[in-house]
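For reference, the structure is listed below as structure tokens.
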Amino acid sequence: MLDPRLFRSELESVQQQLKRRGVEFDTDSYLALESRRKDIQVRTQDLQNERNTRSKAIGQAKAKGEDIQPLLDQVQDLGDQLKAAENELGEIQEQLNVIMEGVPNILDESVPAGKSDADNIEISRWGELPQFGFVPKDHVDLGEPLGMNFELGAKIASARFVVLTGKLATLQRAIIQLMLDTHVNEHGYQEAYVPFMANADSLRGTGQLPKFEADLFTVKNDPAFYLIPTAEVPVTNIVRDVIVDAKQMPLKYVCHSPCFRSEAGAYGSDVRGMIRQHQFEKVELVQIVTPEQSAQAHEELTAHAEAILKKLNLPYRKVLLCAGDTGFSSAKTYDLEVWLPGQQKYREISSCSNFKDFQARRLQARWRNPETGKPELVHTLNGSGLAAGRTLIAVMENYQNEDGSITVPEALRSYLGGIEKIV
RNA sequence: GGAGAGAUGGCCGAGAGGCCGAAGGCGCUCCCCUGCUAAGGGAGUAUGUGCCAAAAGCGCAUCGAGGGUUCGAAUCCCUCUCUCUCCGCCA
């Protein structure tokens, strides 16, 4: 959510900013609603003030033993007026809230113009594309003989689920372990274990609700739970309604979790293989920082995700998302795309975003600025470090041999009992 | 699942219809005193929000959440959530 004061004082500039995303903000209906809000709020508070003053007078008169009946007569219809005003105010504020919650974050200045992923800007490339003396297979063909089974996933649950058995399952676990160990031991993150279901308040805090409910799986319960689409949700909500001690900043959490996504809008895309699943494993990096730290923290966090790709010697490129492709809550996002020889394409394996104070405002996540002594909104950031399922795919495809075996990357061998090949 | 107790500011804790945005303590900040240290004295110290360009100022709201009773609710009533204790069940 953006600062409501920004709308009141710099409406035109906000409208211009939103245009960069291709969002047309209807200032007329906003202004009409806002001026009603002002009128009614002032009237409501005046009435409340009057009630408070008169009630106090009644109390004092009673204490002196005076007759309070005349005073009671004076306030007779005040209650009804007040209730009507309060109700009207509540309705208007609700309407304003719906509008405000539907407005995406203001983009960082450095975000390039553009409409779709075709306009994203490649920042850098790393690693050498592997050369094969044969036609490389994709992970589906490679995986089948090794224990990757989509039919079983469909039988047990539905399409877009997979069963991994044997060394492939272990390989994925090893990948997760390598990521966690690296981020904890080398990058200074604190490991977190969190609920994999979250309530509506938490989803609202990180921006998935109310706008993106269709992307979530709901668990029947009263009130409903949602399966987390990313560990970002529970981890970032650690600081919801919290004033963080300045000494503890920045807070850096790393969390492995399964992620559940309905992929409602993705019919027909990436139906083959493990690229786009309803359930996948991810190691997520979350940072809670002060506003002045966030730009640098964003670069660092992205580098932390890159470090995993480097350890695994997987070729990748770093992309700065353009205005049209940057997510709703994000001010600026880097994607890391790993090379998949089976597709002859770079595919997203990590998305690292700086949300600035957008999530923090919804979350009421604050820190106490020692300079002002006042609580101020924190900045939140997160990024995949990395998506484990896609990392598994990337390892399989980049490390494949002509006989269909997979060479285990050096960095993972200690996690796999020293074996060098999966056959 | 059953029985009981509870939820008040950064923390502890008083408060039982009006004098309560809330005593007292701890912590923290500033000042004074003391040659160090320890101790002592004084002042300050919730959050959100409206009017306002902003500050100042003046309001409004908030005592787990939501409803209700009342001229007036931290306080009375109802519903819910969470925490703790005991019993049962359980990885």
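Lettering follows sequence order; numbering is per chain, from 1. As a basis for the values below, the full set of heavy atoms in this structure was taken, side chains included, without hydrogen atoms, waters or symmetry mates. All values reported here derive from a predicted model rather than from experimental measurement.
In this structure U37(B) sits in no base pair that meets the Watson-Crick or G-U test at under 3.5 Å. Base pairing analysis places U69(B) opposite nothing; no Watson-Crick or G-U wobble pair with both distances below 3.5 Å involves it. Summarising the base pairing, A7(B) is matched to U81(B) through a Watson-Crick or G-U wobble pair whose two defining distances lie under 3.5 Å. Across all strands shown, the partner of C86(B) is G2(B), judged by Watson-Crick or G-U wobble contacts whose two distances both fall under 3.5 Å. Pair assignment for A43(B): U29(B), on the basis of Watson-Crick or G-U wobble contacts that are both within less than 3.5 Å. Across all strands shown, the partner of U49(B) is G59(B), judged by Watson-Crick or G-U wobble contacts whose two distances both fall under 3.5 Å. Across the strands present, A74(B) finds no partner; the criterion is a Watson-Crick or G-U wobble pair with both atom distances under 3.5 angstrom. Both distances falling under 3.5 Å, in either a Watson-Crick or a G-U wobble arrangement, occur for no nucleotide opposite A23(B).
Distance CG (Asp241(A)) to C1' (U81(B)): 14 Å, rounded to an integer number of Å. When rounded to the nearest whole Å, the span between CG of Leu78(A) and C1' of U70(B) equals 13 Å.
The nucleotide whose nearest atom lies closest to any side-chain atom of Lys62(A) is, among C51(B), C71(B), U47(B), C71(B).
Here CG of Leu227(A) is found 8.0 Å from OG1 of Thr218(A). Values are rounded to the nearest 0.5 Å. For the atom pair CG (Asn120(A)) and CG (Leu320(A)), the distance works out to 7.5 Å, reported to the nearest 0.5 Å. The CG atom of Asp119(A) sits 8.5 Å away from the CG atom of Asp325(A) when rounded to the nearest 0.5 Å.
Across A74(B) and G15(B), the matching C1' atoms stand 8 Å from one another, rounded to whole Å.
Using a 4.5 Å heavy-atom cutoff, the side chains of Tyr30(A) and Leu11(A) are in contact. Side-chain atoms of Glu232(A) and Phe355(A), non-hydrogen and from C-beta on, do get closer than 4.5 Å to each other. Between Met179(A) and His304(A) there is no side-chain heavy-atom pair separated by less than 4.5 Å.
If you check every strand for non-hydrogen atoms under 4.0 Å, Arg8(A) touches sugar and phosphate atoms only.
For Gln45(A) against G59(B), a side-chain-to-base donor-acceptor contact under 3.5 Å is present.
The side chain of Arg368(A) contributes an N or O atom lying less than 4.0 Å from OP1 or OP2 of U47(B). The side chain of Lys83(A) places no N or O atom within less than 4.0 Å of a non-bridging phosphate oxygen (OP1 or OP2) of U70(B). When the side-chain nitrogen and oxygen atoms of Arg366(A) are compared with OP1 and OP2 of G48(B), one or more of them lie within a distance under 4.0 Å.
Put simply, the side chain of Arg347(A) never gets that close to the backbone of Ala394(A): no donor and acceptor are under 3.5 Å apart.
Under the 6.0 Å cut-off for aromatic ring centres, Phe328(A) and Phe358(A) qualify, their centroids lying closer than that.
A heavy atom lying under 4.0 Å from RNA chain B marks none of the residues of residues 192-208 of chain A. Within residues 46-58 of chain A, the residues approached by RNA chain B to less than 4.0 Å at the level of any non-hydrogen atom are Gln48(A), Asn49(A), Arg51(A), Asn52(A), Ser55(A), Ile58(A), in residue-number order.
Heavy atoms from other residues, nucleotides or ligands lying under 6.0 Å from CZ of Phe7(A) number more than 12.
Ring pair His187(A)/Tyr189(A) is perpendicular by interplanar angle, where above 60° counts as perpendicular and below 30° as parallel.
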